[in-house]
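Note sheet for the following structure.
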Number of protein chains: 2
Amino acid sequence: MISNKAKYALKAMTILAANQERVLSAQEIAKKGKIPYKFLEAILTDLKNRKLLRSHRGASGGYALARPPGEMTAGEVIRAIEGPIAPLLCASLTGYRRCEDCVDEEACAVRSLMVDSRAALSSVLDRRSLAELAAFSQLKP
Amino acid sequence: MISNKAKYALKAMTILAANQERVLSAQEIAKKGKIPYKFLEAILTDLKNRKLLRSHRGASGGYALARPPGEMTAGEVIRAIEGPIAPLLCASLTGYRRCEDCVDEEACAVRSLMVDSRAALSSVLDRRSLAELAAFSQLKP
DNA sequence: ATTATTCCTATAGAAATAATAGGAGTTAAA
DNA sequence: TTTAACTCCTATTATTTCTATAGGAATAAT
């Protein structure tokens with residue numbers, strides 16, 4: 001299960017990808033995505049600090065993707081908010097850490113299972129671009 | 001990320017699968033898996049209530065798998081402890097629930113992503129049997 | 001009887017989640 | 001040059017989940 005925060009982040013990024021030509025304010029995004037405004041603000045700040053978004057202050061300011069939506073993936077967004085996607089850190093490429101209760105990592109069946117789970121999840125999340133998400137959301141106009 | 005509880009449950013079930021012929025006490029499992037004893041007790045109770053384990057009380061009592069390890073999967077264990085494996089309930093088969101912030105479920109790109117994620121995860125977790133986990137853990141004797 | 005177990009109930013600190021509040025600073029446009 | 005629409009920053013807080021621990025009652029084998 002992912003957090004609401006990560007879900008809202010994905011929604012916001014999809015909305016921004018679908019409106020790539022213009023800068024969107026947090027208000028606009030909150031409205032389009034039914035996301036609590038102040039919570040969204042904090043999320044957008046995180047995404048900006050992680051270099052996934054660019055912001056423009058002042059009147060008619062707002063947020064825009066930092067890179068073309070075809071070059072950004074769902075996995076990047078989730079990692080920015082949630083950290084590693086591996087179910088256990090001992091199976092993570094981006095945040096590896098040995099379990100404290102580990103007896104023999106090479107022979108650990110749970111780790112092997114989580115390595116495969118991570119690969120399966122990554123094969124979806126790291127291949128799906130924000131452009132694809134945006135395109136999907138517009139299938140029904 | 002899964003909880004320690006789910007990780008311990010998987011370890012315990014793997015240990016039980018690897019010692020299928022006998023009944024193991026919580027003490028034994030705790031020692032073999034480096035799992036906090038009292039915490040493990042609670043976990044084993046959950047697994048028993050979910051019908052994944054059978055227990056025998058009294059001296060020389062303990063726990064054993066409820067079914068042959070070849071017929072039980074990692075997915076079952078995780079669902080017993082954590083609930084649905086889908087990252088969002090709107091993408092779950094076993095615990096479906098619509099998001100409160102949902103505008104149009106059919107057109108939701110995030111949901112579509114999570115449906116695919118769930119399928120990818122399930123293809124690993126629901127295909128890996130406890131027998132396979134036990135066999136892996138014994139590759140290095 | 002004794003001892004090794006499961007089983008039951010209760011408790012509790014710590015961390016993460018999911019926000020909300022208020023205002024300071026910035027900028028475009030009226 | 002004021003105003004309105006924004007982002008940005010710092011707190012605060014309620015709720016839930018996580019990760020256990022404690023103590024003892026019930027049960028069964030030896």
Side-chain angles (χ1 to χ4, degrees), chain A residues 1-12 16 22-31 33-66 78 80-84 87-89 95 99-101, chain B residues 1-12 16 22-31 33-66 78 80-84 87-89 95 99-101:
Chain A
M1 296 277 283
I2 64 169
S3 61
N4 264 0
K5 194 171 174 181
K7 179 179 74 173
Y8 291 153
L10 283 169
K11 283 180 82 170
L16 283 161
R22 39 192 211 97
V23 160
L24 298 190
S25 72
Q27 289 275 8
E28 275 182 286
I29 299 169
K31 192 167 190 180
K34 273 203 193 178
I35 304 169
Y37 172 64
K38 277 291 193 178
F39 197 18
L40 177 63
E41 254 193 359
I43 294 166
L44 295 173
T45 298
D46 280 0
L47 293 170
K48 187 215 157 194
N49 291 337
R50 291 288 193 150
K51 313 288 185 197
L52 299 186
L53 290 181
R54 288 183 172 193
S55 64
H56 302 279
R57 310 182 80 180
S60 76
Y63 296 88
L65 299 182
I78 292 179
I81 300 295
E82 302 253 84
L88 288 180
L89 290 185
C99 293
E100 291 186 16
D101 57 308
Chain B
M1 296 278 282
I2 63 169
S3 61
N4 266 359
K5 195 172 174 180
K7 180 179 71 173
Y8 291 152
L10 284 169
K11 283 180 83 171
L16 283 162
R22 32 188 217 101
V23 160
L24 297 189
S25 71
Q27 290 275 7
E28 276 182 285
I29 299 169
K31 193 166 189 181
K34 273 203 194 177
I35 304 169
Y37 172 64
K38 275 294 194 178
F39 195 18
L40 176 64
E41 254 193 0
I43 294 166
L44 294 172
T45 298
D46 280 0
L47 292 170
K48 188 214 156 194
N49 291 338
R50 291 289 193 149
K51 313 288 185 198
L52 299 187
L53 289 181
R54 286 182 174 196
S55 64
H56 303 279
R57 310 181 80 179
S60 75
Y63 297 88
L65 298 183
I78 292 179
I81 300 295
E82 303 254 80
L88 288 181
L89 291 185
C99 292
E100 291 186 15
D101 57 310

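Numbers restart at 1 for each chain; the letters A, B, ... are given by sequence-line order, proteins then strands.
- What separates CG of Leu40(B) from P of dT5(C) is a distance of 13 Å, to the nearest Å.
- In this view, Tyr8(B) and Phe39(B) satisfy the ring-ring contact (aromatic ring centres under 6.0 Å, His included) rule, not counting sequence neighbours.
- Taking only distance into account, the side chain of Gln27(A) never meets the base of dC6(D) through a donor-acceptor pair shorter than 3.5 Å.
- Across dG22(C), dA19(C), dC8(C), the shortest atom-to-atom separation from the side chain of Pro36(A) is found for dA19(C).
- Per the geometry, CG belonging to Leu47(B) stands 14 Å off P belonging to dT6(C), to the nearest Å.
- In the set dT19(D), dA19(C), dA20(D), the nucleotide with an atom closest to the side chain of Tyr8(B) is dA20(D).
- In the set dA21(C), dT19(D), dT6(C), the nucleotide with an atom closest to the side chain of Glu41(B) is dT6(C).
- Counting non-hydrogen atoms under 4.0 angstrom, Tyr37(B) reaches a base of the nucleic acid.
- Contact record, Ala30(A) with Tyr37(A): CB-CA, 4.1 Å, taken as the closest heavy-atom pair.
- Contact annotation: the side chain of Leu44(B) approaches that of Ile29(B) to within less than 4.5 Å [non-hydrogen atoms, C-beta and beyond].
- Regarding Arg22(A), its CZ atom lies at a distance of 11 Å from the P atom of dC6(D), rounded to whole Å.
- Look at Lys48(B) and you'll find a side-chain N or O under 4.0 angstrom from OP1 or OP2 of dC7(C).
- Per the geometry, CG belonging to Leu24(A) stands 15 Å off C1' belonging to dA5(D), to the nearest Å.
- Here the closest heavy-atom approach between residue Glu82(A) and residue Ser3(A) is recorded as OE1-OG, 2.9 Å.
- Taking atom CZ of Phe39(B) as the reference point, atom P of dC18(D) lies 9 Å away to the nearest angstrom.
- The CE-C1' distance, from Met1(B) to dA15(C), rounds to 13 Å in whole Å.
- Looking at the side chain of Tyr63(B), the nearest of the listed nucleotides dC6(D), dG23(D), dT6(C) is dT6(C).
- Here the closest non-hydrogen pair linking Lys7(A) and Ile2(A) is N-CD1, 4.0 Å.
- Considering every non-hydrogen atom in both Leu47(A) and Ala80(A), the closest pair reads CD2-CB, 4.2 Å.
- As rounded to whole Å, 13 Å separates atom C1' of dT17(C) from atom CD1 of Ile81(A).
- Less than 4.0 Å separates DNA chain D from at least one heavy atom of each of the following residues of residues 50-62 of chain A: Ser55(A), His56(A), Arg57(A), Gly58(A), Ala59(A), Gly62(A).
- Distance CG (Asn4(A)) to C1' (dA16(C)): 13 Å, rounded to an integer number of Å.
- Among the atoms of the strands shown, only primed sugar atoms or phosphate atoms (P, OP1, OP2) are found under 4.0 Å from some heavy atom of Ala26(B).
- Ion pairing between a basic and an acidic side chain is recognised when a charged N comes within 4.0 Å of a carboxylate O; Lys31(B) and Glu28(B) show no such pairing.
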